[in-house]
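Computed over heavy atoms, backbone and side chain alike; hydrogens, waters and symmetry mates excluded.
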Amino acid sequence: MNRDARLTEISEWTSLKRHREQWNGVRLRDLFAADPQRGATFAVQAGDLHVDYSKHLITHETVRLFRDLASATGVAPLRDAMFRGEKVNVTEGRAVLHTALRAQRDAVVHVDGVNVVPSVHAVLDHMASFAREVRAGRLTGHTGERIRNVVNIGIGGSDLGPAMAYEALRPYTTRDLTFRFVSNIDGSGLYDALRDLRPAETLFLVASKSFSTLETTTNSVAARDWLLSDLGGGREAVAKHFVALTTSPGNAAEFGVDKANVFEFWDWVGGRFSFDSAIGLSLMIAIGPERFTEMLTGLRTMDEHFRTAPAEANAPVLLGLLGIWYGEFFGAQSHAVLPYSSHMAKFPEYLQQLDMESNGKSVDRQGRPVACQTGPVVWGTPGLNGQHAYFQLLHQGTKLVPADFIGFARPAGDLPPAMATQHDVLMANFFAQTQALAFGKSETELRLEGEGEELLPHRTFRGDRPTTTVLAPRLTPSVLGQLIALYEHKVFVQGAVWNIDSFDQWGVELGKELAKNLEPALARGGTPGQPVDNSTATLIARYRALSAADAVR
């Protein structure tokens, strides 16, 4: 594609637009009636993931037009450039190589002429050695007691990824260690995480690329004070209880971290793509190095699928283009991710950052305003909970919300027989919901069931609500890795088609700058560094009055 041309001006886009205009009146019921094998035809196998996209408002012609659009917008060349280590993050002049974090030991990936894979595996080996020491009880703190508590302090990707993966893989975790994750600068979060822990048994993992992020450093300083107020000592105590996961070892050393406990990663790893780097040390301690390696293998499995499968059988390409299809041509504003697993409760939250921080952009790679809608609002919860909350809107509301349903053929962990049988009930709901969303229930069907005319409008389900079903054998470390990489590459595909930089995040910077300006004004007697608007000034005055009154009481 000539990037001087806007996306909406190229022939492949206008062909897709014409195709959409011809779509009105086509129903999923009709498409399935016309093709009895549609459930098998519109499905792909990507590693252990069976991805069924048959319940979408598409035909074979739609898929052909998707493939043409991907080709015209250069998805494959940009993908290959990313895997080669080229600097596809154009605004920051950086390579984007989360895929190198799970590369095999003998792989070769160059950044600025240097093969980065040996460095990646050196850090993984360091992590594995450290994790084994903690898990075996050989790592002791300042007083010589065994470390029994691991507290990960991070924000954004350095918290969302490890916390999500820990919950997802809880059946594989060691149960003789306690894990906590702290991210919010709200002091009550840190207090609640620490209140029942003994400092002598507690290890802090400070996860910060710069080791200067406001939220992380504030919580780390408070944690250090909590530790030293109980144990006494100084840097020698800090060195026994703090570990740094960072690209800035100098800042970590200044804080008091022993250089042997600094685990490095690199500026070509974006925070939201980083949990399989040193940022994932808490997870490796929890599930063990062998299971962590299984997860890396799963990530690599999906990388290879994305890199080699043709567009019409490529799961990330198809999911990415389906999202564009609904966002631009059907007016969908959001996308629901609904895992039918209590262990996956944090997965939609993790995807919020992955997708919305990556593709929440309004200018293209050349700095011009985009000509179409970009990233959706991503949301979701475990599916069965959602059925009793917001599924009413999905079924009968006025908004079109494409949804991904993620399920597993076998329950996680070794459950007692009575609990294991509940899995069939869970999965019956899983399959039933996509069926109901796709086909609904007509007035004719309701009349045949004897429903009264006055309730027909209320009990009719339109159907034609699009869903993707992702079915895997079991939620294992490998399968989790495959799921994560599936969505990483889906986000990449959409950014490539939209011609936006999916790997910067300038949108988070302005609020940070303004917070630094306002912080002095929140203390009594202080003033902002720069003038503020009347609303903000009035709110600050109100805050100070309320906090002063509370202090008097």
Side-chain angles (χ1 to χ4, degrees), residues 98 101 123 126-127 130-131 134 147 149-169 173 177-194 197 202-227 238 241-249 251-252 254-257 261-267 269-287 292 295 345-347 349-354 356-358 484 488 505 508-509 511-512 515:
H98 44 283
L101 298 173
V123 172
H126 186 195
M127 292 167 62
F130 186 86
V134 179
I147 293 298
N149 313 309
V150 178
V151 179
N152 189 90
I153 298 177
I155 191 71
S158 59
D159 170 77
L160 290 169
M164 174 276 295
Y166 172 76
E167 291 295 337
L169 300 178
T173 61
L177 294 173
T178 297
F179 292 84
R180 303 278 169 81
F181 296 85
V182 176
S183 60
N184 200 313
I185 201 171
D186 182 350
S188 61
L190 180 63
Y191 173 77
D192 286 339
L194 301 182
L197 304 184
T202 302
L203 179 71
F204 293 96
L205 310 183
V206 182
S208 172
K209 179 176 282 191
S210 65
F211 217 87
S212 61
T213 306
L214 174 65
E215 296 87 349
T216 305
T217 54
T218 301
N219 279 325
S220 299
V221 169
R224 184 175 60 185
D225 292 344
W226 173 82
L227 180 87
V238 173
H241 291 268
F242 278 82
V243 168
L245 320 172
T246 185
T247 63
S248 303
N251 289 343
E254 186 176 337
F255 181 88
V257 178
N261 290 337
V262 174
F263 295 82
E264 185 181 8
F265 62 108
W266 305 271
D267 67 2
V269 180
R272 55 195 176 276
F273 300 93
S274 68
F275 91 101
D276 47 334
S277 70
I279 293 296
L281 180 59
S282 58
L283 178 65
M284 184 183 280
I285 295 170
I287 65 175
F292 194 89
M295 186 190 66
K346 291 182 178 293
F347 192 63
E349 184 181 2
Y350 171 77
L351 294 183
Q352 285 177 339
Q353 185 197 23
L354 176 66
M356 296 166 71
E357 191 167 87
S358 294
I484 289 166
E488 286 178 347
Q505 56 278 333
V508 305
E509 297 300 321
K512 292 181 180 180

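Counting only heavy atoms from C-beta outward, the side chains of L101 and W266 approach each other to under 4.5 Å. The side-chain heavy atoms of L283 and F179, taken from C-beta on, include no pair separated by under 4.5 Å.
For the pair N251 and S210, the tightest heavy-atom approach, listed with the atom from each and the gap, is ND2-O, 2.9 Å. In terms of heavy atoms, F292 sits closest to G280 at CE1-O, 3.6 Å. A pairwise comparison of heavy atoms in V123 and A278 identifies CG1-CB, 4.1 Å as the closest pair. The nearest pair of heavy atoms linking I153 to S220 is CG2-OG, 3.9 Å. In plain terms, the two heavy atoms of T246 and K209 that are nearest each other are OG1-O, 2.9 Å. Scanning all heavy atoms of the two residues, the minimum distance from A193 to V182 falls at CB-CG2, 3.5 Å.
Partners of E357 under the salt bridge (charged side-chain N to carboxylate O under 4.0 Å, His left out) rule, at least two apart in sequence or in another chain, are R272. In this view, E167 and R170 satisfy the salt bridge (charged side-chain N to carboxylate O under 4.0 Å, His left out) rule, not counting sequence neighbours. Here T216 pairs with nothing under the side-chain hydrogen bond (donor to acceptor under 3.5 Å, both in side chains) rule; sequence neighbours left out. In this structure F242 satisfies the ring-ring contact (aromatic ring centres under 6.0 Å, His included) test together with F204, F255, sequence neighbours excluded.
Sorted by first and then second residue, the pairs that involve residues 276-285 and meet side-chain hydrogen bond (donor to acceptor under 3.5 Å, both in side chains), not counting sequence neighbours, are R102-D276.
Rounding to the nearest 0.5 Å places CG of L245 at 8.0 Å from CE of M127. Residue F275 holds its CZ atom at 10.5 Å from CG of L354, rounded to the nearest 0.5 Å. Taking CD1 of I147 as the start and OG1 of T202 as the end, the distance is 7.0 Å to the nearest 0.5 Å. Going from atom CG of N152 over to atom CG of L281 covers 8.5 Å, rounded to the nearest 0.5 Å. A distance of 12.0 Å separates CD1 of I279 from CZ of F263, quoted to the nearest 0.5 Å. Interatomic distance, CG of L205 versus CZ of R180, reported as 14.0 Å (0.5 Å rounding).
Among L227, N261, V257, the single residue meeting the side chain to side chain contact (heavy atoms under 4.5 Å, CB included) criterion with H241 is L227. Evaluated for a side chain to side chain contact (heavy atoms under 4.5 Å, CB included) with I185, the options T218, T217, L190 yield exactly one hit, T218.
In terms of modelled atom types and a separation under 3.5 Å, the side chain of T173 and the main chain of I287 share no donor-acceptor contact.
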Using distance only, find each side-chain donor-acceptor pair of residues 155-166 under 3.5 Å and give its atom names and separation, not counting sequence neighbours.
residue : atom : partner : partner atom : Å
S158    : OG   : I155    : N            : 2.9
S158    : OG   : I155    : O            : 2.8
S158    : OG   : A207    : O            : 3.2

Please walk me through it: do L214 and K512 pass side chain to side chain contact (heavy atoms under 4.5 Å, CB included)? CA-CA 9 Å; L214 174 65; K512 292 181 180 180; over 6 Å; no
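Crowding of E254 atom CD: a count of heavy atoms from other residues, nucleotides or ligands under 6.0 Å not exceeding 12.
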